[in-house]
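Please read the structure below before turning to the comments.
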Amino acid sequence: MTEQKQEPDYIGHRKRLRNRFLLGGGNDMADYELLELVLTMALPRKDVKPLAKILINKFNSFAGVINAPKEELLAIDGIKETTLTMLKVIQVATQRVSWQRLSESEVPVITNTASLIDYCRTVIGFSDVEEFHLIYLDTKLHILGKEIMQRGTINTVAIHPREVIKAAMSNQASSIIMLHNHPSGEVKPSSADISMTQIISNACRAVGMKLVDHIIISRSDYYSFAKHMVL
């Protein structure tokens, strides 16, 4: 009589995890459990619970893991190209969903603050270098498009007002929103941030355009020039 081969313990755990997700939509799952479920699809023949916990411990959250630099992820034992690709697909998917939710809204973007901040954080809040983005708006403050203007070092990015105005006019924008991140986590604007914002705001007025807001974003906080009545 042939003995039936017993399944590894993690197979049963994996099935229970999947059923929990399907029943509850993942809302009751800890970050490491949700990440574990993702990892099972990239590593179907391995117990991935230890790896999920290592990743959460290192990068603090599910969002931290999917937004972590490729080099840092690949440096972790157990992360190969297939797993890295899976994590980065999720990162890009969240960015795309966030942008589509914001850009397809029928309400003016300035009244959709929660979605705007969510988009900012999703796209550049976790970046380890400063980035400067523009969102182009029409006369009704609906979104026309977006553009990455500059990527800089860990604490600086060079912005030229002439380039901002040229890009906005090329996209037939009536108004713009400027976005940039502070990798340090401190969102209070520097003197250079304030000066640059004022210069670009004045340049916009000179060509009949408006700088609606300048948002500085981090992983957990944000600063709005419009909200603080700086513009």
Checklist entry - Between Val123 and His133, does a side chain to side chain contact (heavy atoms under 4.5 Å, CB included) hold up when you go through it step by step? => result CA-CA 10 Å; Val123 173; His133 294 213; 3.7 Å; yes
Checklist entry - With a 3.5 Å cut-off and no angle check, do the side chains of Asn19 and Arg16 form a donor-acceptor pair? => result no
Next on the checklist: I want to check something: taking the side chain as every heavy atom from C-beta on, are Leu39 and Glu36 in contact at a cut-off of under 4.5 Å?
Outcome noted: no
Checklist entry - Any link between Met178 and Val207 through a network of hydrophobic side chains (Ile, Leu, Val, Met, Phe, Trp, Tyr) touching at under 4.5 Å? => result yes
Item to check | Short N-O contact, Glu131 and Arg151, less than 4.0 angstrom | outcome: yes
Tabulate below the donor-acceptor pairs under 3.5 Å that side-chain atoms of residues 59-79 make, not counting sequence neighbours, or state none.
from, atom 1, to, atom 2, distance (Å)
Ser61, OG, Gly64, N, 3.0
Asn67, OD1, Gln91, NE2, 3.2
Asn67, ND2, Ala63, O, 2.8

Item to check | Whether over 12 other heavy atoms sit under 6.0 Å from Lys88 NZ | outcome: yes
Next on the checklist: Evaluate Val187 against Ile217 for side chain to side chain contact (heavy atoms under 4.5 Å, CB included), listing each step before the verdict.
Outcome noted: CA-CA 6 Å; Val187 296; Ile217 197 84; 5.9 Å; no
Item to check | Ala226 backbone acceptor or donor facing Asp213 side chain under 3.5 Å | outcome: yes
Next on the checklist: Just checking Met169: does its CE atom have more than 12 heavy atoms from other residues, nucleotides or ligands closer to it than 6.0 angstrom?
Outcome noted: no
Next on the checklist: Using 0.5 Å steps for rounding, measure from the CD1 atom of Ile135 to the CD1 atom of Ile215.
Outcome noted: 7.0 Å
Next on the checklist: Counting C-beta onward and ignoring hydrogens, is there a side-chain heavy-atom pair between Tyr222 and Thr113 closer than 4.5 Å?
Outcome noted: yes
Checklist entry - Would you say Ile177 and Leu116 make side-chain contact, with heavy atoms under 4.5 Å? => result yes
Checklist entry - Rounded to the nearest 0.5 Å, how far does CD of Glu130 lie from CD1 of Ile216? => result 8.5 Å
Item to check | side chain to side chain donor-acceptor pair (under 3.5 Å) evaluation trace for His182 with Ser218 | outcome: CA-CA 6 Å; His182 279 180; Ser218 72; over 6 Å; no
Next on the checklist: What's the separation between atom NE2 in His228 and atom NZ in Lys188, rounded to the nearest 0.5 Å?
Outcome noted: 10.0 Å
Item to check | Closest contact, heavy atoms only, Leu17 versus Leu37 | outcome: CD2-N, 4.0 Å
Item to check | Side-chain donor/acceptor of Ser201 to backbone N/O of Thr197, under 3.5 Å | outcome: no
Item to check | Asp138 side chain to Lys140 backbone, donor-acceptor under 3.5 Å | outcome: yes
Next on the checklist: Quick check against the 3.5 Å criterion: does Ser170 have a side-chain atom that pairs as donor or acceptor with the backbone of Lys166?
Outcome noted: yes
Could you pull out every donor-acceptor pair under 3.5 Å between side chains of residues 103-112 and any protein atom, sequence neighbours left out?
from, atom 1, to, atom 2, distance (Å)
Ser103, OG, Trp99, O, 2.9
Ser105, OG, Val107, N, 3.3
Thr111, OG1, Pro108, O, 2.8
Asn112, OD1, Ser115, OG, 3.2

Item to check | Salt bridge present between Asp118 and Arg101 (N-O < 4.0 angstrom) | outcome: yes
Item to check | Rounded distance [0.5 Å steps], CZ in Phe132 versus CG in Leu179 | outcome: 8.0 Å
Checklist entry - Could you go step by step and tell me if His180 and Gln150 meet the side chain to side chain contact (heavy atoms under 4.5 Å, CB included) rule? => result CA-CA 9 Å; His180 92 272; Gln150 292 285 344; over 6 Å; no
Next on the checklist: Between Ile159 and Ile200, is the side chain to side chain contact (heavy atoms under 4.5 Å, CB included) condition met? List the steps.
Outcome noted: CA-CA 10 Å; Ile159 303 301; Ile200 292 178; 3.9 Å; yes
Checklist outcome for this item: Looking only at heavy atoms, the pair that brings Met209 and Ile176 closest together is SD-CG2, 4.3 Å
Checklist outcome for this item: OG (Ser184) and CG (Asn181) are apart, to the nearest 0.5 Å, by 9.5 Å
Item to check | From Ile165 atom CD1 to Leu134 atom CG, the distance as rounded to the nearest 0.5 Å | outcome: 9.0 Å
Item to check | Hydrophobic cluster membership, Leu23 vs Leu34, 4.5 Å side-chain cutoff | outcome: no
Item to check | All side-chain contact (heavy atoms from CB on, under 4.5 Å) counterparts of Ala30, not counting sequence neighbours | outcome: Tyr32, Glu33
